[in-house]
Asker: 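My structure is below; once you've seen it, I'll send some questions.
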2 protein chains.
Amino acid sequence: MSAEPTRVRGRRPPQGDPVVDRAFALLAAFDAGHRSLTLGELSRRSGIPTSSTLRLAGRLMAWGALERGADGRFTIGLRLWEVASLAPRGQGLKQVALPFMGDLEEVTRQHVLLAVREGTEALLVERLSAHQAMDVLYRVGGRLPLHSTGVGLVLLAFAESSFQESVLVQPLTHMPENTPVSPAALRRTLAEIRRDGLATFRRRAPQPLVSVAAPIFAADERVVAALSVVVPQEHAEPRLLGPAVRTAARAISRGLGARRAIGAPPA
Amino acid sequence: MSAEPTRVRGRRPPQGDPVVDRAFALLAAFDAGHRSLTLGELSRRSGIPTSSTLRLAGRLMAWGALERGADGRFTIGLRLWEVASLAPRGQGLKQVALPFMGDLEEVTRQHVLLAVREGTEALLVERLSAHQAMDVLYRVGGRLPLHSTGVGLVLLAFAESSFQESVLVQPLTHMPENTPVSPAALRRTLAEIRRDGLATFRRRAPQPLVSVAAPIFAADERVVAALSVVVPQEHAEPRLLGPAVRTAARAISRGLGARRAIGAPPA
DNA sequence: AGGCACAATGCCGCTCAATGGAAAACAACT
DNA sequence: AGTTGTTTTCCATTGAGCGGCATTGTGCCT
C-alpha cells in the first residue's frame, strides 16, 4: 500500500513557548559578556531551533530591536535602546539625578553610583567615574548584590520587611572574599542604616575601599533608589563623605517630588 | 430557518500584524510625552483591540518589558532597559565617551552632547549639563534634525554620499525660526565640515546659541558618532571651543580602537 | 442615588500564522 | 574533493492567538 513514499514533511512539531516569549528570549540571550552573537549562538543560547531563530530575529531586525553587522553577527538595536530610555526607573530617574551626581564626582574625584532594586539584586542605573578613579567595579546596566554593596544595603534596609526577611533567610556570602554573612549582624546593620539614613560599607578585596550610600525618596515617600560614592580605603574620610552624599540624595529626592525627604533621624 | 439564534461568538476575526510586531507596537506606543499609559490609551495608540492589548501587555509584563503601577498605568520596564543597555551604539559608546564628556563639561560649564545617526535623524545618546547651563534643548533618547544641529551636521557630512543626496533632495527648514535651508549652502557647509573635521552651528531662537561639534571614529575608520558643546552666544569663544571638542572627540575615537582618527586635515 | 460614559477584565470557538525538520546553499577548513 | 559547521530556504500541519461580546469596576454629572 505504501508504494508512495508519503512525504512526512510538514508534521507540525511540538511547540515551545508562545511567540512573544520567544522573541524576548532572543533579547535575553545577550549579556555583558555576549554583546554580539551569530545566528547559531543566538539559537543555542535561547534554546530556539535555528530556523525559528532566523525567522524571529528577522522580525526583530525589521523593527529595530536587533541589528546585524556586515559580519552577520547580531547586536541589540538602537531603536530598542530608544524606547527603553523611557523607563521611569531608568532614564527618568537618571535625568533628575545626573547633575547632582556630577557635583559629587567633582568633589570626590572617584566613583558615584546610582542604583535601584530589581528583584533580589540592585541594578546600576548610572555611574560617573573620574579618569583618575580607582579600578572600575560595576558597569551601567549591570547587577549588584544587595547584601555586600553600599547601594544594595540601603535598598535592602528600606525595602518592605517581608522582602527583607526573604533575603535574610537565605545563606549569604561576601563575594570576592567568600566569607559568610551573619544574619544577625546584617539585621543590626540594616537597623543602623534606617536610623542614620546612611550606609557605610567597607571591602578588602580586590582593593580596600569604602562606599557611603544614602536613600533617594520619590513623591510617595518610598525609597526608589540609592546613591553612593566609592573611594579607596586610604583616601577615605567617611565623616566628610556622609553629609555630601546625604545632601545630594536629598536634592535628588526633592527633584522627584518628595517633600519630607528624610536623610537624618528626626532626633 | 434561523429559529436558533446561533451564537456567532468565536468566529475568528480578521487578523492584523503578526504577534511579535504587535508586541513591539505596544512598546512603540510610548514616547517622551507619554511615559505611562492606561490600557485604553495603549490600545488606541497601538491600534490593537483592547482584549488583545491586555493579553499581550500581560506577557510583556511577565518578562519585564512593561511594568504596571498601583494606579493601573503601564510604563516601560527596567528589564527592557537592562538588555537595551547592551546596545553597542548606545551604552557601549557612552561608556567610552562619558569620562571625556565630563572633562569638557567641567571646562565649558554648559551642555555636552553625544549623538549617533539613526535613520534620517540624530539620536541623542548622552547629555551632560551643568546646573548653571542655559535651558535644556534635547533629552537623552530623543531625536534631533540632521540639518540644523551641530552634531547632526557632522553626522550628515561624514555619511555615505548616497545618503547625503537623499537628504539634500528634500526641502529642509530650520525649525524654531521656520526659515528654509538652501541646498547649495548646506552642500558648502558639509564640505567645510569634512575639510575642518569640525562643525560650528549658530541658532537665534529660542535663545542665541553656538554649537561646536566634531566626529568620532570607530575602529573601522568610519564616523559612528558626533560630540558637541552647546554654549550661549554671548558666552562663546568658538576659537577656543574647537580644539577642546576636537581633542575630546579624538580621545574617544582612540578609546574605540581607531588608530588614524582624524580631526584635522592632513595639511 | 440613579444614570451615564468609559475603563478594565473574563470568556470562548474558530482559523491561519507560526512551527521545526529536511535539504540546499555557503564557507572554511584540511 | 571531502569534511565539518553555519546560514538560509522550503513547506504541510495544527494549537496559539484572535477579537467580539458580556460583565464588572470607576468616576462624574445630574
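Side chains are part of it too, since the values below use all heavy atoms of this structure and drop only hydrogens, waters and symmetry mates. In what follows, every chain begins at residue 1, and chains take the letters A, B, ... in the order their sequences are listed.
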Asker: Can you name the residues that form a salt bridge (charged side-chain N to carboxylate O under 4.0 Å, His left out) with B/E126, not counting sequence neighbours?
Answerer: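 For B/E126, the residues satisfying salt bridge (charged side-chain N to carboxylate O under 4.0 Å, His left out) (neighbours in sequence not counted) are A/K94, B/K94.
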
Asker: Taking all atoms of both residues into account, what is the closest heavy-atom pair of A/L78 and B/G90, and its distance?
Answerer: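 Taking every non-hydrogen atom into account, CD1-N, 3.8 Å.
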
Asker: Which heavy atom of B/L227 sits nearest to which heavy atom of B/A248, and what is that distance?
Answerer: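 It is CD2-CB, 3.7 Å.
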
Asker: So which heavy atom on A/L26 is nearest to which on A/L42, and how close?
Answerer: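 In terms of heavy atoms, the two residues are closest at O-CD1, 3.7 Å.
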
Asker: Closest heavy-atom contact between B/G197 and B/P215?
Answerer: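 Closest heavy-atom pair between B/G197 and B/P215: O-CD, 3.4 Å.
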
Asker: On the nucleotide D/dG17, are OP1 or OP2 found under 4.0 Å from the side-chain N or O atoms that B/R22 carries?
Answerer: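 For B/R22, the contact criterion (side-chain N or O under 4.0 Å from OP1 or OP2 of D/dG17) is not met.
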
Asker: Can you name the closest pair of heavy atoms from B/A122 and B/L155 and give their distance?
Answerer: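 Reported closest heavy-atom pair: CB-CD1, 3.9 Å.
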
Asker: I need the residues from residues 51-60 of chain B with at least one non-hydrogen atom less than 4.0 Å from DNA chain C; give them sorted by number, or say none.
Answerer: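 Listed by number, they are B/S51, B/L54.
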
Asker: Kindly compute the distance separating CG (B/L137) from OG1 (B/T149), expressed to the nearest 0.5 Å.
Answerer: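 Separation between the atoms: 10.5 Å.
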
Asker: Does A/F100 have any ring pair (Phe, Tyr, Trp, His ring centres under 6.0 Å) partners at least two apart in sequence or in another chain, and if so, which?
Answerer: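 Here the qualifying residues are B/H131.
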
Asker: Please confirm whether the backbone N or O of A/G119 pairs with a side-chain atom of A/R117, one donor and one acceptor, at under 3.5 Å?
Answerer: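 Pair found, side chain donor or acceptor close to backbone of A/G119.
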
Asker: Rounded to whole Å, please give me the gap between CG in A/L26 and C1' in C/dT19.
Answerer: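 Result: 14 Å.
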
Asker: Is there a residue in residues 40-50 of chain A whose heavy atoms reach under 4.0 Å of DNA chain C, and which residues are they?
Answerer: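 Contacting residues: A/P49.
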
Asker: Give the rounded distance in Å between these two atoms: CG of B/L39 and P of C/dA8.
Answerer: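 It is 5 Å, rounded to the nearest whole Å.
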
Asker: Write down the atom of A/G141, the atom of B/E82, and the distance for their closest heavy-atom approach.
Answerer: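 Nearest pair, atom of A/G141 first, then B/E82: O-CG, 3.5 Å.
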
Asker: Rounded to whole Å, how long is the line connecting atom CG of A/L37 with atom P of D/dT7?
Answerer: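 Distance check: A/L37 CG to D/dT7 P gives 11 Å.
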
Asker: ring-ring contact (aromatic ring centres under 6.0 Å, His included): which pairs involve residues 26-81 of chain B, sequence neighbours left out?
Answerer: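 Qualifying pairs: A/F24-B/W63.
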
Asker: Between A/V19 and B/T38, who's closer to the 5' end of DNA chain C by nearest nucleotide?
Answerer: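 Result of the comparison: B/T38.
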
Asker: Kindly state which residues belonging to residues 63-76 of chain A come within less than 4.0 angstrom of DNA chain D, counting heavy atoms of the residue only, listed by number.
Answerer: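 Here the set is A/R68.
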
